[in-house]
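In what follows, a single structure is set out as structure tokens and then discussed.
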Amino acid sequence: MASLCGTNCCEECSRKQDCGGCETCEGQPFGGSCIAAECVKRGGLEEFSRFKQELISECNALQIKGLQLQNLNLLNGFFVNLEYPLANGQKVQFLKDNRVYLGNQIEVEGSDRCYGIVADESFILIGEYGCNGADPEIVLYKKR
């Protein structure tokens, strides 16, 4: 069964059993929200596609060296919600575990690190981290 957004993300989700999938939870997985379901409810699949392309263009316009997005995927917050260290030594998480975001991971050329991009209608977060999210650093946090 396809998700509300027309992708196969619910079938591929390791936690589908916890929420039942998009159609069962009406686009509110894990008691939270899904950026794709919100877009589809607002304006159909065309709105979701337009929104994704807008985010891709916005991220690429930032001109971060080695970061060139081709696509964004649906990502569960609990999977990508890293703890980022701040200058004062405190560690913070910027995402909601029960939210589904758009994002991607891009390998940093010539490095063993990756860029992680996570976004929705209100922000773009770009981090850099090692294997399995080790030693994350904030590259950019931008309100939209």
Side-chain angles (χ1 to χ4, degrees), residues 1-22 25 27-40 42-144:
M1 162 192 334
S3 306
L4 291 175
C5 61
T7 69
N8 204 24
C9 62
C10 289
E11 293 303 316
E12 295 171 4
C13 180
S14 64
R15 293 189 56 200
K16 180 184 176 194
Q17 221 172 335
D18 297 339
C19 80
C22 248
C25 70
Q28 297 183 314
F30 318 108
S33 58
C34 172
I35 187 64
E38 291 170 2
C39 285
V40 169
R42 259 192 326 266
L45 293 175
E46 297 80 20
E47 172 65 13
F48 178 52
S49 179
R50 183 204 61 76
F51 183 75
K52 270 179 64 169
Q53 288 308 310
E54 180 182 293
L55 268 175
I56 290 169
S57 295
E58 195 173 333
C59 288
N60 287 338
L62 295 168
Q63 298 184 355
I64 296 172
K65 184 180 178 183
L67 177 62
Q68 185 65 32
L69 279 176
Q70 303 298 320
N71 195 16
L72 290 168
N73 306 300
L74 293 169
L75 301 172
N76 291 314
F78 62 83
F79 186 68
V80 293
N81 198 5
L82 302 177
E83 284 190 338
Y84 290 93
L86 301 179
N88 66 4
Q90 190 179 17
K91 291 185 177 187
V92 296
Q93 291 180 301
F94 292 94
L95 308 177
K96 294 179 181 176
D97 285 347
N98 65 348
R99 175 120 168 98
V100 177
Y101 299 94
L102 282 168
N104 207 334
Q105 177 175 284
I106 307 290
E107 291 183 17
V108 177
E109 191 174 325
S111 173
D112 61 351
R113 294 179 63 80
C114 294
Y115 288 123
I117 300 91
V118 180
D120 67 12
E121 64 279 320
S122 62
F123 74 91
I124 296 172
L125 171 64
I126 300 176
E128 184 182 311
Y129 48 82
C131 187
N132 295 318
D135 303 317
E137 298 174 12
I138 299 169
V139 174
L140 174 123
Y141 183 88
K142 177 184 183 273
K143 284 184 145 187
R144 299 186 69 236

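Not measured: the values here are computed from a predicted model. Only this structure's heavy atoms are used, side chains among them; waters, hydrogens and symmetry mates stay out.
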Check your understanding: Can you check whether Q90's main-chain N or O pairs, donor with acceptor, with N88's side chain at less than 3.5 Å?
Key -> yes

**Study point:** Nearest-0.5 Å distance that lies between atom OH in Y115 and atom CG in N104
**Key:** 14.0 Å

Distance-only donor-acceptor hits, side chain of residues 56-66, under 3.5 Å, sequence neighbours excluded:
| from | atom 1 | to | atom 2 | distance (Å) |
| --- | --- | --- | --- | --- |
| S57 | OG | Q53 | O | 3.1 |
| E58 | OE1 | R144 | NE | 3.0 |
| E58 | OE1 | R144 | NH2 | 2.8 |
| E58 | OE2 | K142 | NZ | 3.0 |
| E58 | OE2 | R144 | NE | 3.3 |
| N60 | OD1 | L69 | N | 2.7 |
| N60 | ND2 | I56 | O | 3.4 |
| N60 | ND2 | L69 | O | 3.1 |

Review point. So, the side chain of Y101 versus the backbone of I117: is there a donor-acceptor pair under 3.5 Å, distance only?
Key: no

Exercise for review: Indicate the atoms forming the closest heavy-atom contact of N81 with L95, along with that distance.
Suggested key: ND2-O, 2.9 Å

Revision key, fill the gap. Contacts satisfying salt bridge (Lys or Arg N to Asp or Glu O under 4.0 Å) that involve residues 70-89 (not counting sequence neighbours) are none

Exercise for review: Would you check if L74 and L102 make a side-chain contact, meaning some heavy-atom pair closer than 4.5 Å?
Suggested key: yes

**Study point:** Over 12 non-hydrogen atoms of neighbours within 6.0 angstrom of OH in Y84
**Key:** yes

Review point. Can you tell me how far the OG atom of S122 sits from the CD1 atom of I35, to the nearest 0.5 Å?
Key: 8.0 Å

Practice item. Could you name each residue pair satisfying ring pair (Phe, Tyr, Trp, His ring centres under 6.0 Å) that touches residues 51-72, not counting sequence neighbours? Key: none

Practice item. Using the salt bridge (Lys or Arg N to Asp or Glu O under 4.0 Å) rule, collect all pairs that involve residues 98-107, keeping only residues at least two apart or in two chains. Key: E38-R99, R99-D120, R99-E121

Check your understanding: Measuring from K52:NZ to C39:SG, what's the distance to the nearest 0.5 Å?
Key -> 10.5 Å

Check your understanding: Heavy-atom distance under 4.5 Å between the side chains of N98 and F78, does that happen here?
Key -> no

Donor-acceptor list for residues 128-141 side chains, cut-off 3.5 Å, not counting sequence neighbours:
| from | atom 1 | to | atom 2 | distance (Å) |
| --- | --- | --- | --- | --- |
| E128 | OE2 | R113 | NE | 2.9 |
| Y129 | OH | Q105 | OE1 | 2.8 |

Check your understanding: With R50, which residues qualify under side-chain hydrogen bond (donor to acceptor under 3.5 Å, both in side chains), at least two apart?
Key -> E47, E54

